[in-house]
Asker: 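The structure's right below; bear with me while I get my questions together.
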Amino acid sequence: MSKNNKDNQYLLDINLSELNKDYLLKEGYKYCLIYYLNDLVFGDIDKIEEIKKDILIEGFFFNEKQELHAFKNEDFEDEQNDGFKLVKTIDNGCDSFTEEFTLKKRLGNNLTKNKYDEIEVINYLDYEDDGQAYIKYTALKRALKKSDKGV
């Protein structure tokens with residue numbers, strides 16, 4: 001893994017072909033949000049059958065401490081990964097705050113079939129030269145059920 005700059009994001013040195021359920025579980029990831037050409041998959045990684053790389057648009061694989069974001073980048077010249085970038089974000093105590101969002105379950109996507117009601121994100125901050133804070137990037141942190149919160 002090569003560090004991009006002073007923050008906690010890294011470009012992973014793996015091939016897209018190595019990105020599979022076994023690799024993700026071995027690395028400690030729990031949840032996934034995967035956008036395919038014809039589908040949306042959200043839930044526990046141990047419940048997915050495979051990552052369909054031939055129709056993958058974008059994938060987020062995450063747990064409370066890290067996120068792996070796989071996405072196509074037209075400016076990224078990498079024949080072995082078919083233009084996909086694999087970026088890992090690690091929660092290393094940088095200035096940040098979390099937010100929770102309610103998932104809207106609609107017909108026509110797999111959110112209707114999943115057990116989670118909310119998703120928690122972490123917003124990483126950076127600062128302008130004058131000290132003004134801004135959100136530099138956001139990463140997925142965890143999926144939540146209302147029952148986890150005592151609701």
Asker: How close do G28 and N63 get, heavy atom to heavy atom, and via which atoms?
Answerer: O-ND2, 2.6 Å
Asker: Taking the basic N atoms (NZ, or NE/NH1/NH2) and the acidic carboxylate oxygens, is any pair closer than 4.0 Å for K30 and D46?
Answerer: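 A salt bridge is absent here (no side-chain N lies under 4.0 Å from a carboxylate O).
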Asker: Locate the shortest heavy-atom distance separating N20 from D22; write the atom from each residue and the value.
Answerer: OD1-N, 3.1 Å
Asker: Looking at D91 and K141, does any basic side-chain N land under 4.0 Å from a carboxylate oxygen?
Answerer: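 So D91 pairs with K141 through a salt bridge.
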Asker: State, with a plain yes or no, whether a side-chain heavy atom of Y124 is found less than 4.5 Å away from one of T138.
Answerer: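 The answer is no, as the side chains (C-beta and beyond) never meet within the 4.5 Å cut-off.
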Asker: Tell me the closest heavy-atom pair linking L24 and F61, and the distance in Å.
Answerer: CD1-CD2, 3.5 Å
Asker: Please round to the nearest 0.5 Å and tell me the distance separating atom CD of E99 and atom CD1 of I119.
Answerer: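 E99 CD to I119 CD1: 12.0 Å, rounded to 0.5 Å.
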Asker: Measuring from atom CD1 of I122 to atom SG of C94, what distance do you get when rounded to the nearest 0.5 angstrom?
Answerer: 8.5 Å
Asker: What verdict does the side chain to side chain contact (heavy atoms under 4.5 Å, CB included) test give for E128 and Y134, after you've listed the backbone C-alpha separation in whole Å, the side-chain angles of each residue and the deciding distance to 0.1 Å?
Answerer: CA-CA 8 Å; E128 299 284 346; Y134 66 94; 3.7 Å; yes
Asker: Between E18 and N15 (side chain of the first, backbone of the second, donor and acceptor by atom type, cut-off under 3.5 Å), is there such a pair?
Answerer: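 Looks like yes, one N/O pair under 3.5 Å.
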Asker: For the pair T89 and F62, evaluate side chain to side chain contact (heavy atoms under 4.5 Å, CB included) and give the outcome as yes or no after the intermediate values.
Answerer: CA-CA 9 Å; T89 302; F62 57 101; over 6 Å; no
Asker: Assess, by modelled atom type and distance only, whether the side chains of K88 and Q66 contain a donor and an acceptor separated by less than 3.5 Å.
Answerer: yes
Asker: State yes or no: do F97 and I90 share one hydrophobic cluster built from I, L, V, M, F, W and Y residues joined by side-chain heavy-atom distances below 4.5 Å, directly or via other members?
Answerer: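 No, F97 does not connect to I90 through the hydrophobic network.
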Asker: May I ask you to decide if the ring planes of Y35 and F60 are parallel, tilted or perpendicular, using 30° and 60° as cut-offs?
Answerer: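 Taking F60 first and then Y35, their aromatic rings stand perpendicular (interplane angle over 60°).
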Asker: Considering non-hydrogen atoms only, spot the tightest contact between K52 and Y36 and give its length.
Answerer: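 Taking K52 first and Y36 second, the nearest heavy atoms are N-OH, 3.0 Å.
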Asker: Assess, by modelled atom type and distance only, whether the side chains of N123 and S96 contain a donor and an acceptor separated by less than 3.5 Å.
Answerer: no
Asker: Does any part of the side chain of I57, heavy atoms only, come nearer than 4.5 Å to the side chain of F71, both counted from C-beta?
Answerer: no
Asker: Measure across G43 and Y116 and return the closest heavy-atom pair with its distance rounded to 0.1 Å.
Answerer: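 In terms of heavy atoms, the two residues are closest at CA-CE1, 4.2 Å.
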Asker: Nearest 0.5 Å, please: how far is CD1 in I34 from NZ in K53?
Answerer: 9.5 Å
Asker: Does a side-chain heavy-atom distance below 4.5 Å link V41 with L33?
Answerer: no
Asker: Is it the case that the side chains of D95 and Y127 hold a donor-acceptor pair, with the cut-off being a distance below 3.5 Å and no angle test?
Answerer: yes
Asker: Flag yes if more than 12 heavy atoms outside D129 fall under 6.0 Å of its CG atom; otherwise flag no.
Answerer: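 12 or below, so no.
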Asker: Would you check if L19 and L12 make a side-chain contact, meaning some heavy-atom pair closer than 4.5 Å?
Answerer: no
Asker: May I have the step-by-step check of side chain to side chain contact (heavy atoms under 4.5 Å, CB included) for I135 and L125, ending in yes or no?
Answerer: CA-CA 5 Å; I135 297 172; L125 302 176; 4.0 Å; yes
Asker: Distance check, rounded to the nearest 0.5 Å: D117 atom CG versus F101 atom CZ?
Answerer: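 That separation rounds to 15.5 Å.
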Asker: CD of E58 to NZ of K85: how many Å apart, nearest 0.5 Å?
Answerer: 12.5 Å
Asker: Which atom names give the shortest non-hydrogen contact between F42 and A143, and what distance separates them?
Answerer: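 Looking at all heavy atoms of both residues, the shortest contact is CZ-CB, 3.7 Å.
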Asker: Just verifying a value: how many Å separate E27 CD and I45 CD1, rounded to the nearest 0.5 Å?
Answerer: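 Here the rounded value is 11.0 Å.
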Asker: Do E64 and Y31 have side chains that get closer than 4.5 Å, going by heavy atoms?
Answerer: yes
Asker: Please assess D126 against Y137 for the test side chain to side chain contact (heavy atoms under 4.5 Å, CB included), listing each intermediate value before the final yes or no.
Answerer: CA-CA 9 Å; D126 203 356; Y137 52 89; over 6 Å; no
